[in-house]
Structure formats: C-alpha cells, structure tokens
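Read the structure below first, then the notes.
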Amino acid sequence: MDNNATIVSTRIRLARNVEGLPFPHKLKEMPARQIADKVTQTLCSLDKFSRYDMSNISQLDGTILREKHLISPDLLESSFGSVLISADENVSVMVNEEDHIREQVILSGLSLDQAYDRVNKIDDALAKSIKFSYSNRFGYLTSCATNLGTGMRASVMMFLPALTIQNMMDSCINAVGRLNMTVRGVYGEGSSADGYLYQISNQRTLGLTESDIIDSVKSAINHVVEAELRARELLKRNETELKDKIFRAWGLAANAYKMPTGEAMQLLALIRLGGYYGYITVKSQDEYQKLITSCQPANMQRMSGKNISAEERDVMRARYVSSVLGTIAEKNIK
C-alpha cells in the first residue's frame, strides 16, 4: 500500500493537568506561571527547548507557530499560555491552553509508534516533577470529558484529493466515524480542508490503552488509504482531463503574477497529485510540505521583512512559489 502518496504527517498529543489546581480557564496568573516554569525546567534538562509566552509574543510570531501546527488557536488567546518547542520543531508542549499541559510530537509520514515513543519519554519526565490529576476510575482528568482516560489523541494528516474531487469524502467520513474516528480540516476542528488535507484522529480515549488507540487509528488509516487509491484509479479513467487539470495547475503555479493563499494550496495540491501519477517528479515530499507551510499568510509576512498588504503578499507568494517549485519538482511531459 502506497502510504507515502496519501500520508503527510503524524501527531500524538497527551493532555495532562496538575493535581489540586483548577483548569486553565479558572487559573490565576501566579500558579499558571509556576506550571510554565516547572515544565520549562524539566524539558530543558532533557533537550534544547525554546519557550514562548503568549503575553509577550507578537501576533505575527504566534500566527507563524499556528501555521506550523506548533500551537493551537486557543493557546494564542490564552492570557497565561506558553509553549516549549524543541530545536527540530518536532516537539511542542503547550502550557495553560485547554489543559494545564498538552504534549505533542509531530513527525513526517505514518509514524505513530515513533511519535508515541518520543512523547511518552517527555510525559515520563514531566510526571517525575509534576503530580498529574489522575483517577483510578477515569484515568487522567482533563477539562474536556472526551479526553478522559489516556488523554491521548493520535492523528494523521492525510492528502485526499481524489476522494474530495469525486465528492466521496462524506461517505469516507461516515465510514471512519463508525470506527470511532473523527475527520477535521488542516488546522483542526472547525477548519477547512485546504489543499485536500484532512486530519483523522481517535474520538475515544476512555476505557482504551495507548496501544489500543494507536492500533485503531492505524486500522482506520488503512481503510482511508485504500479508498483514496481506488478513487485515484477512477480519476485516471479520463486521463486527458486529469493531465490537463494537473498541467494547468503547474502552468499557473509557475507563471502567475499574484496568488492568494487558497489558490496556492489548490495548485500545489494538484501538482502533488501529479507526482503520484508520474506526470510530475517531486524530489522531496518534506521540502514540498515546507513550501506549502511557507505560503501561509504569516510566513509570507515574516519572509518579506516588513508590513505588507494582502495584495502584496499575493504577489510575493506567486514569485516565491515559482522560484521554489522549480528546485523541488519538475514536469514530465509524456
């Protein structure tokens, strides 16, 4: 099964709270800061981490972190929120978001076991210095009842263009729902599936072990991969139309004068699909994903080095996509 053609990245997230303290929405500044300091002390003894406090970070820097999936929109709104990010940006630990501590590891490809191993080591280290709220009956206690138990969410970012183009996503969502999975957009709950990107994750945490959750997510992902690959075969039945759509996307991406974010996501998604069929050679999927992230508004703003308008960003984005695309992909004319 060609997982590389459909799976972009894997995330494991653990929700934890400090025993004896109210949840973050009721927490006062002093204990909130103390939690952040304790997490900082623990993590920096393990590895090199950078800390960002939401009270001190600029809106631009915060949005860039969100665009990289290193923090959530909710953390940006948290008065006493902080995040600790590893040097390789694979690990981020949010403090005082919905829960006191949310540990997450994001790795490329289908890496559920590897991501869990890494986040589990971080969790063990934090548990030695912080007493977590835990019930023998309910497991880890969390601010949202759906996270009770292991407190673990395992999610996989999937690239599903064929199911989307052929209007088959609703049936796919219903099918994974029967497996106790949920499907969200590229930036989580309430977001759209820009670039045909979807997050698929477990709904249940109570009454399951971490191993149970990982196995159930793997099973659901396999079903989705099979459905997407079948849909891609159906798309190819009209190959002339398919090639035209993909090569038109290449032409626009390589030559457009201005390019809004949504259009960039759509064009780059179609080019990525062309890579699957062999119409286009994508030299590095990781570099391609970095290009997609760099196209987001805040990343463009940072790249410009100054405050520019949305229209100026669109012009800059078109130039940037054209220049980078030529270095990481090439068109195969057949």
Side-chain angles (χ1 to χ4, degrees), residues 1-13 64-72 88-92 104-116 118-119 153-165 168-169 172-173 176 181-189 191-202 214 217-229 231-232 235 246 249 253 261-262 264-277 280-296 299 321 324-325 328-329:
M1 189 179 297
D2 192 355
N3 287 334
N4 292 330
T6 56
I7 295 175
V8 177
S9 61
T10 298
R11 183 188 72 177
I12 300 285
R13 190 201 72 202
I64 288 173
L65 294 178
R66 181 188 61 79
E67 289 177 353
K68 291 181 174 181
H69 300 278
L70 295 171
I71 66 172
S72 66
D88 60 8
E89 295 192 341
N90 287 336
V91 180
S92 68
Q104 71 170 22
V105 170
I106 301 177
L107 300 177
S108 61
L110 184 60
S111 310
L112 286 161
D113 294 315
Q114 298 92 320
Y116 176 70
R118 189 162 181 183
V119 80
R153 295 284 177 177
S155 65
V156 176
M157 183 81 76
M158 303 195 72
F159 176 55
L160 305 174
L163 287 171
T164 308
I165 291 169
M168 299 168 68
M169 274 307 301
C172 178
I173 290 170
V176 298
M181 298 291 134
T182 186
V183 181
R184 297 187 172 97
V186 63
Y187 288 107
E189 189 171 2
S191 65
S192 58
D194 295 336
Y196 308 126
L197 294 172
Y198 299 84
Q199 292 188 60
I200 297 178
S201 63
N202 61 296
I214 289 173
V217 173
K218 284 180 181 177
S219 178
I221 294 306
N222 285 338
H223 286 298
V224 178
V225 169
E226 289 173 358
E228 170 64 20
L229 295 182
R232 291 187 190 185
L235 268 185
I246 289 168
T261 309
M265 294 285 282
Q266 179 75 7
L267 295 175
L268 292 173
L270 288 170
I271 292 168
R272 175 184 264 171
L273 180 61
Y276 169 77
Y277 291 111
I280 290 165
T281 298
V282 177
K283 299 173 185 177
S284 167
Q285 290 294 339
D286 286 345
E287 289 301 314
Y288 201 83
Q289 190 59 35
K290 286 179 184 177
L291 170 60
I292 292 171
T293 301
S294 298
C295 284
Q296 303 308 308
N299 275 270
V321 168
V324 174
L325 188 62
I328 63 173

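The basis for the numbers below is simple: all heavy atoms, side chains too, and nothing from hydrogens, waters or symmetry mates.
Contact of the Cys172 side chain with the Val224 side chain is registered, since non-hydrogen atoms from C-beta on lie closer than 4.5 Å. Annotation: side chain of Met158 is not in contact with side chain of Leu197 (no heavy-atom distance under 4.5 Å). Contact of the Val217 side chain with the Ser201 side chain is not registered, since no non-hydrogen atoms from C-beta on lie closer than 4.5 Å. Using a 4.5 Å heavy-atom cutoff, the side chains of Met157 and Arg11 are not in contact. Counting heavy atoms from C-beta outward, Val321 and Leu268 have side chains that approach closer than 4.5 Å. Side-chain atoms of Val183 and Val176, non-hydrogen and from C-beta on, do get closer than 4.5 Å to each other. For the pair Ile246/Ile280, a side-chain contact is recorded, criterion being any heavy-atom separation below 4.5 Å from C-beta on. Side-chain contact between Arg272 and Val8 is present, with at least one heavy-atom pair separated by less than 4.5 Å.
In this structure, Asn202 contributes its side chain and Ala154 its backbone to a donor-acceptor pair below 3.5 Å. A donor-acceptor pair is defined here as one N or O able to donate and one able to accept, closer than 3.5 Å; such a pair exists between the side chain of Ser284 and the backbone of Glu287. Of the possible donor and acceptor atoms, none in the side chain of Ser111 sits under 3.5 Å from a partner among the backbone N and O of Leu107. Put simply, the side chain of Glu67 gets close to the backbone of Asn299: a donor and an acceptor are under 3.5 Å apart.
Listed by chain and number, the residues in a salt bridge (charged side-chain N to carboxylate O under 4.0 Å, His left out) with Asp113 are Lys218 (sequence neighbours excluded).
No donor-acceptor contact under 3.5 angstrom links the side chains of Thr6 and Tyr276, judged on distance only. Under the 3.5 Å distance criterion, with hydrogens and angles disregarded, no donor-acceptor pair is assigned to the side chains of Gln199 and Arg153. Using modelled atom types and a 3.5 Å distance limit, the side chains of Ser92 and Gln104 yield a donor-acceptor pair.
Counting all heavy atoms, side chain and backbone alike, Phe159 lies closest to Ala269 at CZ-O, 3.2 Å. When all heavy atoms are compared, the tightest approach of Ile271 to Ala253 is CD1-CB, 3.7 Å.
Ion pairing between Arg232 and Glu228 holds under the 4.0 Å rule for side-chain N and carboxylate O.
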